[in-house]
Amino acid sequence: MATDTVHLNWDPEQQFVLSDNNGHQIIMKKPKGVKPSDLMSMALIGCSSHDVVEILNKQRQDLHQLKVTAESFQDDDPPWRFRKIHIHYQAIGKGIDIEKLGKAIRISEEKYCSVYATLKDAIEITHDFEVVEA
C-alpha cells in the first residue's frame with residue numbers, strides 16, 4: 001500500500017502552511033490563502049485534469065489548453081457539508097474529438113482519479129464538457 005505524508009505548520013501570524021512530500025506549499029487562511037474547503041474541489045479537478053490531459057495525449061488529440069472549473073454546493077449551517085460538486089471541462093485545441101474528451105473524463109472517473117474514487121459515494125459529482133477550436 002502506498003503512503004504519503006503531508007504537513008501543516010501554523011505560525012503566530014495566523015498562517016497555515018501546508019506542504020507535500022516534495023516541499024511544495026499552499027498557504028491556507030483567508031484573506032492570504034486558499035479557503036480550506038476549496039482544497040477538496042481543487043484536489044478533485046487537479047487529479048482528474050491530470051488524467052484527462054494524459055489520456056487525450058495518448059489519443060493523439062491536439063490539446064493546447066484545458067480549463068476546468070468546479071462549482072461546490074454546501075449546507076448553509078455548520079459543518080457546511082458538501083452536497084454536490086459540478087465540474088466543467090473546456091478543452092481547447094485543433095480538431096479535438098468531443099467523444100474522445102468525454103471518454104477521457106469517464107476513464108479518469110472510473111479508473112484513475114483517487115480523489116474522485118474517494119468522494120463519489122459521499123457527495124454527488126457531476127460534469128459537463130465542451131471543445132473550443134483553437
For A91, side chain to side chain contact (heavy atoms under 4.5 Å, CB included) partners two or more places apart
L63, L66, I96, L101
Not counting sequence neighbours, which residues clear side chain to side chain contact (heavy atoms under 4.5 Å, CB included) with T3? List them please.
none
What distance separates C113 SG from H50 NE2, expressed to the nearest 0.5 Å?
11.0 Å
Residue list, side-chain hydrogen bond (donor to acceptor under 3.5 Å, both in side chains) with N22, at least two apart or on another chain:
none
Using the side-chain hydrogen bond (donor to acceptor under 3.5 Å, both in side chains) criterion, which residues pair with D76? Sequence neighbours excluded.
none
Linking I/L/V/M/F/W/Y whenever their side-chain heavy atoms sit closer than 4.5 Å, directly or via other members, would I26 and M42 fall into one cluster?
yes
Kindly give the heavy-atom pair with the smallest separation between Q61 and G95, and that separation in Å.
OE1-O, 3.8 Å
Determine whether V34 and I27 make a side-chain contact, defined as any pair of heavy atoms from C-beta on separated by less than 4.5 Å.
no
So, the side chain of D75 versus the backbone of D77: is there a donor-acceptor pair under 3.5 Å, distance only?
no
What pairs with A134 under side chain to side chain contact (heavy atoms under 4.5 Å, CB included), at least two apart in sequence or on another chain?
H64, I92, K94
Going hydrophobic residue to hydrophobic residue with side-chain gaps under 4.5 angstrom, can you get from V53 over to V131?
yes
Go through it in stages, so that I can follow the logic: the residues are Q74 and S37, the test is side-chain contact (heavy atoms from CB on, under 4.5 Å), and I'd like the CA-CA distance, side-chain angles, deciding distance and then a yes or no.
CA-CA 10 Å; Q74 294 177 255; S37 58; 3.9 Å; yes
When rounded to the nearest 0.5 angstrom, what is the spacing between CD1 in I45 and CD1 in I87?
7.5 Å
Please name the pair of heavy atoms, one in Y89 and one in S49, separated by the smallest distance, quoted to 0.1 Å.
CE2-OG, 4.5 Å
Using the test salt bridge (charged side-chain N to carboxylate O under 4.0 Å, His left out), find all partners of R106 that sit at least two apart in sequence or belong to another chain.
none
List for me each residue that meets side-chain hydrogen bond (donor to acceptor under 3.5 Å, both in side chains) alongside N57, sequence neighbours excluded, and say none if there are none.
none
Nearest-0.5 Å distance, NZ of residue K35 to OG of residue S41
9.0 Å
Measuring from L8:CG to L18:CG, what's the distance to the nearest 0.5 Å?
5.0 Å
Given N21 and V6, is the side-chain contact (heavy atoms from CB on, under 4.5 Å) satisfied, shown in steps?
CA-CA 6 Å; N21 280 333; V6 296; 5.9 Å; no
When rounded to the nearest 0.5 angstrom, what distance separates CG in D128 from CD in Q90?
10.5 Å
E99 atom CD, neighbour heavy-atom count above 12 within 6.0 Å:
no
Side-chain heavy atoms under 4.5 Å apart, restricted to Ile/Leu/Val/Met/Phe/Trp/Tyr: what other residues fall into the cluster of Y112, or is it alone?
I55, I107
Can you list the residues that meet the side chain to side chain contact (heavy atoms under 4.5 Å, CB included) rule with T69, with sequence neighbours excluded?
H88
With clusters built from Ile, Leu, Val, Met, Phe, Trp and Tyr whose side-chain heavy atoms come within less than 4.5 Å, directly or transitively, what are the remaining members of the cluster of W80, listed by chain and number?
none
Quick check: do F129 and I98 have side-chain heavy atoms less than 4.5 Å from each other?
yes
Donor-acceptor pairs under 3.5 angstrom involving side-chain atoms of residues 115-127: please list them, not counting sequence neighbours.
unit_1	atom_1	unit_2	atom_2	d
T118	OG1	S114	O	2.8
T126	OG1	H86	ND1	2.6
H127	ND1	E109	OE2	2.8

Does anything in residues 58-74 pair up under salt bridge (charged side-chain N to carboxylate O under 4.0 Å, His left out), and if so which pairs, sequence neighbours excluded?
none
